[in-house]
Amino acid sequence: MLLEGYEKEMFLPKCNPNFQSVHCVAHLDQDISEVLPYLNTELGGSDYVKSPPSLTLRIHGKLITLHAREIYVNALKDEVEAEAIIEWLKKEINDTWSKRAEIEPTYEPPATPQMMKILKLLPKTNCRKCGEPTCTVFALRAAEGIKGVEDCPELKDEKKAALEEYLGRFHFEMQ
């Protein structure tokens with residue numbers, strides 16, 4: 001087990017204390033820098049930096065940055081959500097570390113879905129049935145992993161299958 005424990009600190013954004021969301025930093029008891037390129041492979045990080053080592057993930061609308069001894073998570077509803085995400089990451093860190101011999105480390109960010117490719121497959125009716133004001137916003141949310149094919153009720157057969165295939169190439173799920 002690489003990561004055994006951490007101390008969680010919750011705070012409001014300093015740039016705008018009126019925000020409804022909170023941020024979290026987990027101060028890690030162990031250095032996790034060696035696992036970061038393996039996590040980049042397993043979780044599909046959006047930005048990996050070798051020195052000093054850090055990995056940024058964009059998952060479910062959250063920006064999560066892992067450093068050697070800290071994990072930062074933004075836009076949280078509350079401390080319960082923060083704990084769930086940090087515990088999920090702890091499990092991913094330890095699982096990835098235990099099977100690192102089977103994983104090819106990645107030092108580059110993976111390919112990400114392109115908003116314009118997604119938009120081309122959408123019906124462009126701006127019906128709002130997905131909960132977004134426009135199909136363009138839906139495409140942006142889908143590229144971020146926040147929205148999926150199932151969230152657009154207007155998508156039909158061929159375009160739905162094409163969008164499922166396209167988005168299926170990218171890793172978004174927080175398991």
Side-chain angles (χ1 to χ4, degrees), residues 12-16 18-26 35-67 70-78 81-82 84-86 88-89 91-93 96 103-175:
L12 291 171
K14 289 181 179 145
C15 60
N16 188 347
N18 295 324
F19 280 170
Q20 297 297 315
S21 63
V22 293
H23 298 328
C24 173
V25 58
V35 77
L36 296 180
Y38 298 96
L39 280 173
N40 192 24
T41 300
E42 291 294 287
L43 301 179
S46 61
D47 190 26
Y48 175 78
V49 177
K50 281 186 183 182
S51 183
S54 69
L55 176 64
T56 300
L57 309 168
R58 287 180 174 83
I59 299 176
H60 293 296
K62 308 279 183 249
L63 191 62
I64 302 170
T65 304
L66 297 94
H67 297 275
E70 295 172 322
I71 298 173
Y72 290 87
V73 186
N74 78 342
L76 296 158
K77 288 182 271 187
D78 53 30
E81 184 181 32
I85 291 172
I86 299 298
W88 169 76
L89 283 167
K91 180 183 180 315
E92 290 295 323
I93 288 164
T96 300
I103 302 169
E104 183 70 35
T106 305
Y107 299 94
E108 300 296 326
T112 57
Q114 300 301 303
M115 189 267 295
M116 290 306 293
K117 288 184 180 182
I118 295 167
L119 184 60
K120 288 177 184 178
L121 296 169
L122 296 176
K124 294 178 228 40
T125 59
N126 296 329
C127 70
R128 298 181 181 203
K129 291 178 185 175
C130 64
E132 300 298 342
T134 65
C135 290
T136 302
V137 174
F138 178 91
L140 181 62
R141 299 282 188 242
E144 294 171 339
I146 298 169
K147 293 287 184 174
V149 176
E150 67 283 354
D151 296 314
C152 179
E154 296 292 309
L155 265 177
K156 303 296 181 226
D157 305 324
E158 190 176 306
K159 295 242 179 171
K160 184 175 186 174
L163 186 56
E164 282 176 341
E165 188 277 324
Y166 179 69
L167 290 177
R169 299 180 203 166
F170 307 99
H171 187 98
F172 286 120
E173 293 307 310
M174 185 164 61
Q175 301 162 351

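Since the model is a prediction, treat every value here as computed from it, not as a measurement.
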> Which atom names give the shortest non-hydrogen contact between Cys152 and Pro123, and what distance separates them?
Replying inline: SG-CD, 4.0 Å
> Going by the ring pair (Phe, Tyr, Trp, His ring centres under 6.0 Å) test, which pairs reach into residues 123-168, not counting sequence neighbours?
Replying inline: Tyr166-Phe170
>> I'd like to check Asn126 versus Pro133 (side-chain heavy atoms, cut-off strictly below 4.5 Å). Are they in contact?
In response: no
>> Just to verify, what does Thr41 make a side-chain hydrogen bond (donor to acceptor under 3.5 Å, both in side chains) with, not counting sequence neighbours?
In response: Thr106
> Which residues satisfy the side-chain hydrogen bond (donor to acceptor under 3.5 Å, both in side chains) test with Ser54, sequence neighbours excluded?
Replying inline: none
> Distance-only, no hydrogens or angles: does the Lys124 side chain make a donor-acceptor pair with backbone N or O of Leu119 under 3.5 Å?
Replying inline: yes
> If you round to the nearest 0.5 Å, how far is SG of Cys135 from CD1 of Ile118?
Replying inline: 12.0 Å
> With a 4.5 Å heavy-atom cut-off, do Leu39 and Tyr48 have their side chains touching?
Replying inline: no
>> Using a 6.0 Å cut-off, check whether atom CD of Glu150 has over 12 heavy atoms from anything other than its own residue.
In response: yes
>> Looking at every heavy atom in both Ser21 and Leu12, which two are closest together, and how far apart are they?
In response: O-CD2, 3.9 Å
> Within a radius of less than 6.0 Å around NZ of Lys156, do more than 12 heavy atoms belonging to other residues, nucleotides or ligands occur?
Replying inline: yes
>> Return the CG to SG distance between Leu155 and Cys130, rounded to the nearest 0.5 Å.
In response: 10.0 Å
>> Could you check whether any side-chain heavy atom of Leu43 comes within less than 4.5 Å of a side-chain heavy atom of Asn40, counting everything from C-beta outward?
In response: no
>> The criterion is side-chain hydrogen bond (donor to acceptor under 3.5 Å, both in side chains); which residues satisfy it with Glu81, sequence neighbours excluded?
In response: Lys62
>> Can you tell me how far apart CD (Glu132) and CZ (Arg141) are? Round to the nearest 0.5 Å.
In response: 5.0 Å
> Does the side chain of Glu144 reach to within under 4.5 Å of the side chain of Arg58, using non-hydrogen atoms?
Replying inline: no
> Do the side chains of Leu57 and Thr65 get nearer than 4.5 Å, heavy atoms only?
Replying inline: no
>> A side-chain contact here means heavy atoms from C-beta on lying under 4.5 Å apart; do Val49 and Leu55 qualify?
In response: no
>> Holding to salt bridge (charged side-chain N to carboxylate O under 4.0 Å, His left out), I want the full list of residues that pass it with Lys91, two or more places apart in sequence or in another chain.
In response: Asp95
> Roughly how far, to the nearest 0.5 Å, is the CD1 atom of Ile85 from the CD1 atom of Ile59?
Replying inline: 8.5 Å
> With a 4.5 Å limit on heavy-atom distance, are the side chains of Tyr72 and His67 in contact?
Replying inline: yes
> Taking only residues two or more places apart in sequence or in another chain, which ones pass salt bridge (charged side-chain N to carboxylate O under 4.0 Å, His left out) with Lys129?
Replying inline: Glu154
>> Is any side-chain heavy atom of Thr56 closer than 4.5 Å to one of Ile64?
In response: no
> Which pair of non-hydrogen atoms, one from Ile86 and one from Ala26, has the smallest distance, and what is that distance?
Replying inline: CD1-CB, 3.9 Å
> Which pair of heavy atoms, one from Lys120 and one from Lys159, lies closest together, and at what distance?
Replying inline: O-NZ, 3.4 Å
> What is the distance from atom OG1 of Thr136 to atom CG of Leu122, rounded to the nearest 0.5 Å?
Replying inline: 8.5 Å
> Step by step, would you call Ile71 with Val25 a side chain to side chain contact (heavy atoms under 4.5 Å, CB included)?
Replying inline: CA-CA 5 Å; Ile71 298 173; Val25 58; over 6 Å; no
> Can you tell me if Asn74 uses its side chain to pair, donor with acceptor, with the backbone of Leu63 under 3.5 Å?
Replying inline: yes
> Closest approach of Thr134 and Val137, non-hydrogen atoms and distance?
Replying inline: OG1-N, 3.1 Å
>> Please report the interatomic distance CD1(Ile146) to CG(Leu140), rounded to the nearest 0.5 Å.
In response: 7.5 Å
